[in-house]
Novice: 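This is the structure I want to talk about, given as structure tokens.
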Amino acid sequence: MSTRREFLQTVGATGAAAAGLGLSTACGGGKKGGDDTKKEAAIPIPAQPILVVINIAGGNDWLNMFVPIEGANAAPYTNNRPTLQIAPTKTTKIETGMGLNNDFTGMADLYKTGRVAFMPGIGMANPNLSHFTAGDLWGQGWVAQDAPLSIRGTGWLGRYSDGVANFGVLQGLTTTNDVPVELRGSTRNFVSITSDRGYVYPAYLRNDNRVGQNNGDPYFGQSQSLEDAFGAAVQASYSDAAMQAVARAGKAFFDAQNTFGGATGQLPARAATVAYPGDDAYPIGRVDGGRLYNGLAGQLKLIAQMIASGLPTSIYYARIGGWDTHSNQLVSHANLQRILGGCLDAFYKDLKNINTSSGNAQDRVMIMGWSEFGRRVKENDGGTDHGTAGLSFCMGRAVKGGVYGDIPSLSALDSNGNMNAVVDFRALYATVLDRWLGQAPSTTNTILGASYPRLGFL
Amino acid sequence: MANLSPIGSWSADDVMHFARRAGFGVRPETATTLAGQSPSTVIDGWVDGTADSTLFNAVMNARADVMWQGADDKDATAAGAVDVAAAAPPHRFLADGADAWRNNFNAAQASWCFRMQHNPNAFQERMALFFHNLFATGASKVDSVALMLNQIQLFRTMSTANFTETLVAVSKDPAMCKWLDSVENSSTYSSTPNENYAREVMELFSLGADNGYTQQDITELARALSGWSYTIAPADWIKDPTYPDNGRPAKGTFVVYQEQTGFTGHRYWWQGLANNGKLYLQHPRNASEANQNKISITFLGQSFDITTTLNSWSPGENALRSITTSRATECSKFLAKRLLTHFVTPNFTDQDRDDVALLIRNNNFNIGATMKALLKSQYFFQNKWALVEGPVSWSVRAARMLSPDLATADSQTPKGFPAWRGLVGNDYDSYIFDNMGQSLLDPTGPNGWKEHVNWINSNTIRYRGRMAAAVALGESIDYYYYNGKNANPQYPKQTVKLFPGEPVDWFPSAPTTAQQVYDRLVLLLQPGPAPASVGTSMINSVFGGVGAAVDVTQSASKNKIRELAYLILCSPAGQVY
């Protein structure tokens, strides 16, 4: 684990480089990211890969994102979606029969450069259509029925981190203020970082309120002893399991605040090099008017800032909610796609302008998007209810773009009118663990509890 | 097996445990007094809410005396602005009733926290917090904090009610109708009902996933509840004084919207006014299906005529009510699990859960009677320190211990507490509840918050530290208010403490050594059993030694006392209760 001093040295070097980046990509040397205009072959897996997981929470109605515009699925699609169907003219055809919704901003272009692998029809056996069951199982990476007690409450990325020697406190981060199950291991949890500042202890609500400061008392200035006492409290051993869990989280914060941003508790400032959805300069608005305000853009900008500052993080986690479109889907789902697509597109382009001693960020990053399920094929009155098979995707310079797995038949639905999944979600995890995170296949199989087919996108 | 037989006597320590879990804590002196009375008498009165609330009600009626004035209203020239400093009480609460148009989310959060801190019948607030997690509803979608506060008030009134009645009342609550799309549930066009509420009412509110129902049951119940909606009477539509086209509801009234004969398709309910002054889209109950003899459904193995209004029930209510009878065992187990996780321990066995489920069934799902028995039980008192406390509860309890009581605060200047409004508002880099993992009144999903250790991660611990600083270190904020007189407003500034507690008030008699300070603070803030070395290390860090002399009248000592309280609140042992 790096000390604050070591960390400061790291940030000092890369921080200066990042500050100099601005609009120029000339400095930093090495690779400079991909050409966004033409189809390129996948680059080799980078030496220091970064995984950015994006949880599309609520159940994405991907049939209206990855639209069956031709072929056998086209007729059942339009029949089941009398008011919500997306017309072929509002999509960009990417493969036989499939059109990407034009509201999924930027994604058709990225697909055409070969940077996106789509996995339609990904899911699990016997889904119960619950957000919470599905989300937990996706996070766990192990179906409930056969999960041994020892892995319950842990997730696939948490178990991965358990097995990595000297997995540092900042090696796995989430920009959400919770730590979802996939990021929990048996011996460590990922750290939640929701802002680029304020990582100092004592954690005053207001920085101008430190004890003794307001009344001019010379006593002020013993923050270090407070920090020491807090450090002792979180590093003590507790016989009670709950208190031990709290101590562990407290220690993660303590260690993080000792390293994150150094003495000022702040990362070097970084201005995004491209406009993200919701920014003044971003040209696209909501379909019903107004700006595309959203939380994902802020999370991805923070991740870009953390990468630029040279944090040793290999896994980042972000979330965009609101996909539970039981009603008002025509408006809300289109807006969500504009936000998600626009954010992914902006982030990917922003990364190209980040160079650190570990390489060009666009070369290093793979984005993996997932949602707990797709939605019912037949619409209700203005929306869609819970379904089964979902859509996942991976994008990055090392990704071999394409469609992986068959597309579920809309003519052969289950007894509840839902699609049958064709790819097990753990095949995606197995591929990522093996190929992106460099696990031995046997280790991957242990993390996931069984061997699953590897997909060919990496 | 859970020993549910009642305790016969109790200690002050037991009273503290009880009051933390069934309310938000009492001071040690109060605990000593209550320990002299029989547990049965005290607990019955506590649950029934027999404490004198005259002062509390008076203060709540003079609302702005206890509320922080929202910064967005500080321009006194704006229509509807309240100059708190100048206006005579009763002031406005700025969130509900006549102030519903403001739709001030932070004021709503603050008002509830204030109630939790000061309601002498804290059990009502505790149950409201429990139900807010069980029936988790979020303001961001409901888009009306007045409707949210009405729902919380419903929870207070149902705190000792029969669970079936609560389930029905919640299903008819306007905020819930909006939150889980009951207002959109119509099979008129497509004969496909919106099943959002029907699914969650079983999965999240009464039975639990995979516990006694099928997808077919969900669809059938959705059919039964089709058209459950609400209207807003013109008088309850509160217009923005500056922009009369805009407004918000102060109140919604449940209605089952019946399709008119011969009418097909969506209808605008004439009385329904809504967001931005437009009529609210209401979806009618499907009468065309009734015309096709689809008046009966099969739900959980029973047939129901979903058009009947027998017993003065709403159409479809018979099916909803049957959940707790057709699936009494499953429902009682589900409820037992939730009650145990919130009030007793998450480490219960299946047998413990079944014992409490039986208790619930034996009390015919009466929550008041169940809670009395559970809170009196040996099992309850055997599980001290078994829970990680939720952040709102933890914050409120710290404030109760370290801030003046209501009578004292009400006689101080400035009156009341700017604290909660200052903490939750967006003026002060806070969103502190969000970052502590409990965005009060706005949970992200209907599954609410996972409790116990799930409250804790590196970020929530970080923000608990900030909250602890506000309470224990006596942080203050600059409050600028517009006095309505300055042409070029330089707002007069007041600097006020968020929580106006003084260390001298934390002790029944002045401490003279660091060890005495520590012992008292531990008693007040009740951290769980930590290794002795942790306490010693805290005392040494702050005071230099357990025997260090303390003079509570000196600012150096006061600051050290504050810092020790801060450390105790932040420590791992300070998070369990």
Side-chain angles (χ1 to χ4, degrees), chain A residues 82-83 128-133 177-179 189 191-194 198-199 201-206 209 211-212 214-215 217 219 222 225-226 228-230 232-234 236-238 240 242-247 249-250 252-253 256-257 321 324 326-328 378-383 385-386 416, chain B residues 181 184 186-190 192-196 199 203 209-210 215 283 385 388 428 430 432 434-435 437 444-445 447 452-453 456-462 465-467 469-470 473 475-477 528-531 533-534 537-538 541-542 555-556 559 562-563 566-567 570-573 575-576:
Chain A
T83 69
N128 72 357
L129 311 191
S130 157
H131 291 292
F132 315 107
T133 307
N177 59 23
D178 60 325
V179 177
N189 293 339
V191 166
S192 157
I193 301 270
T194 55
Y199 282 84
Y201 190 93
Y204 294 100
L205 184 68
R206 288 168 58 71
N209 265 338
V211 170
N214 289 339
N215 58 12
D217 192 304
Y219 175 70
Q222 69 152 12
S225 64
L226 283 185
D228 290 346
F230 180 76
V234 296
S237 179
Y238 296 83
D240 176 80
M243 265 190 273
Q244 193 57 48
V246 177
F253 160 61
Q257 65 92 24
D324 194 20
H326 286 279
S327 58
N328 195 33
K378 186 177 177 61
E379 70 178 62
N380 66 32
D381 207 354
D385 288 307
H386 298 186
N416 295 322
Chain B
D181 296 319
E184 304 281 350
S186 156
S187 45
T188 307
Y189 267 150
S190 57
T192 306
N194 184 313
E195 64 188 37
N196 198 9
R199 173 186 304 283
E203 178 181 329
D210 304 318
Q215 172 61 34
H283 288 216
W385 315 120
V388 175
Y428 303 108
S430 33
I432 196 156
D434 297 26
N435 273 310
T444 50
N447 55 332
H452 193 47
V453 293
I456 298 298
N457 66 50
S458 57
N459 194 57
T460 59
I461 283 285
R462 174 185 170 210
R466 291 188 165 205
M467 180 70 210
L473 297 182
E475 289 199 70
S476 52
I477 53 174
S533 63
V534 171
S537 144
M538 286 179 187
S541 291
V542 175
S555 65
N559 284 338
R562 287 187 178 283
E563 293 191 344
Y566 168 70
L567 281 172
C570 292
S571 70
Q575 316 312 314
V576 297

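None of these values were measured; they are calculated from a predicted model. Below, chain A is the first sequence line, B the second, and so on; all start at residue 1.
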Novice: Where does A:D240 contact chain B at under 4.5 Å (heavy atoms): side chain, backbone, both or neither?
Specialist: side chain
Novice: Might you work through the side-chain contact (heavy atoms from CB on, under 4.5 Å) test for A:F253 and B:N459, ending with a clear yes or no?
Specialist: CA-CA 7 Å; A:F253 160 61; B:N459 194 57; over 6 Å; no
Novice: Taking all non-hydrogen atoms of both residues into account, name the closest pair between B:V453 and A:A245 and its distance.
Specialist: CG1-CB, 4.0 Å
Novice: Specify the closest pair of heavy atoms between A:N380 and B:P193, including all atoms of both residues, with the distance to one decimal.
Specialist: CB-O, 3.8 Å
Novice: For chain B, find which of A:T194, A:N416, A:N189 contributes the most heavy-atom pairs closer than 4.5 angstrom.
Specialist: A:T194
Novice: Quick one: which of A:L129, A:T133, A:V179 has the most heavy-atom pairs under 4.5 Å with chain B, could you say?
Specialist: A:L129
Novice: So which part of B:S537 gets closer than 4.5 Å to some heavy atom of chain A, the side chain, the backbone, both or neither?
Specialist: both
Novice: Find the one option among B:P529, B:A530, B:G437 whose heavy-atom pairs under 4.5 Å with chain A are most numerous.
Specialist: B:P529
Novice: Which answer fits B:N196, side chain, backbone, both or neither, if we ask what part of it has an atom under 4.5 Å from a heavy atom of chain A?
Specialist: both
Novice: Tell me the closest heavy-atom pair linking B:M538 and A:A233, and the distance in Å.
Specialist: CE-CB, 4.2 Å
Novice: State, yes or no, whether a side-chain contact exists between A:L226 and B:S541 at a heavy-atom distance under 4.5 Å.
Specialist: no
Novice: For A:F230 and B:C570, which heavy atoms make the closest approach, and how far apart are they?
Specialist: CE1-O, 3.6 Å
Novice: Whether the side chain of B:N457 engages the backbone of A:N177 through a donor-acceptor N/O pair (distance < 3.5 Å, no angle test) should be reported.
Specialist: yes
Novice: If you count heavy-atom pairs under 4.5 Å with chain A, which of B:R199, B:E195, B:R462, B:Q215 comes out on top?
Specialist: B:R462
Novice: Find the one option among B:G465, B:A470, B:P531 whose heavy-atom pairs under 4.5 Å with chain A are most numerous.
Specialist: B:P531
Novice: Sort A:N328 into side chain, backbone, both or neither according to what part of it lies under 4.5 angstrom from a heavy atom of chain B.
Specialist: neither
Novice: Which distance, rounded to the nearest 0.5 Å, do you find between the OG1 of B:T444 and the CG of A:D178?
Specialist: 7.5 Å
Novice: Please list, chain by chain and in numerical order, all residues satisfying side chain to side chain contact (heavy atoms under 4.5 Å, CB included) with A:D228, sequence neighbours excluded.
Specialist: A:Q224
Novice: On a heavy-atom basis, which atom in B:I456 and which in A:A249 lie closest, and how many Å separate them?
Specialist: CG2-CB, 3.3 Å
Novice: Just verifying a value: how many Å separate A:D385 CG and B:D181 CG, rounded to the nearest 0.5 Å?
Specialist: 8.5 Å
Novice: Any sub-3.5 Å donor-acceptor pair from B:N194's side-chain atoms to A:H326's backbone N or O?
Specialist: yes
Novice: Identify the heavy atoms of B:H452 and A:A242 that sit nearest to each other, and give their distance.
Specialist: CE1-CB, 3.7 Å
Novice: Mark yes or no for whether B:S458, through its side chain, and A:S192, through its backbone, hold a donor-acceptor pair below 3.5 Å.
Specialist: yes
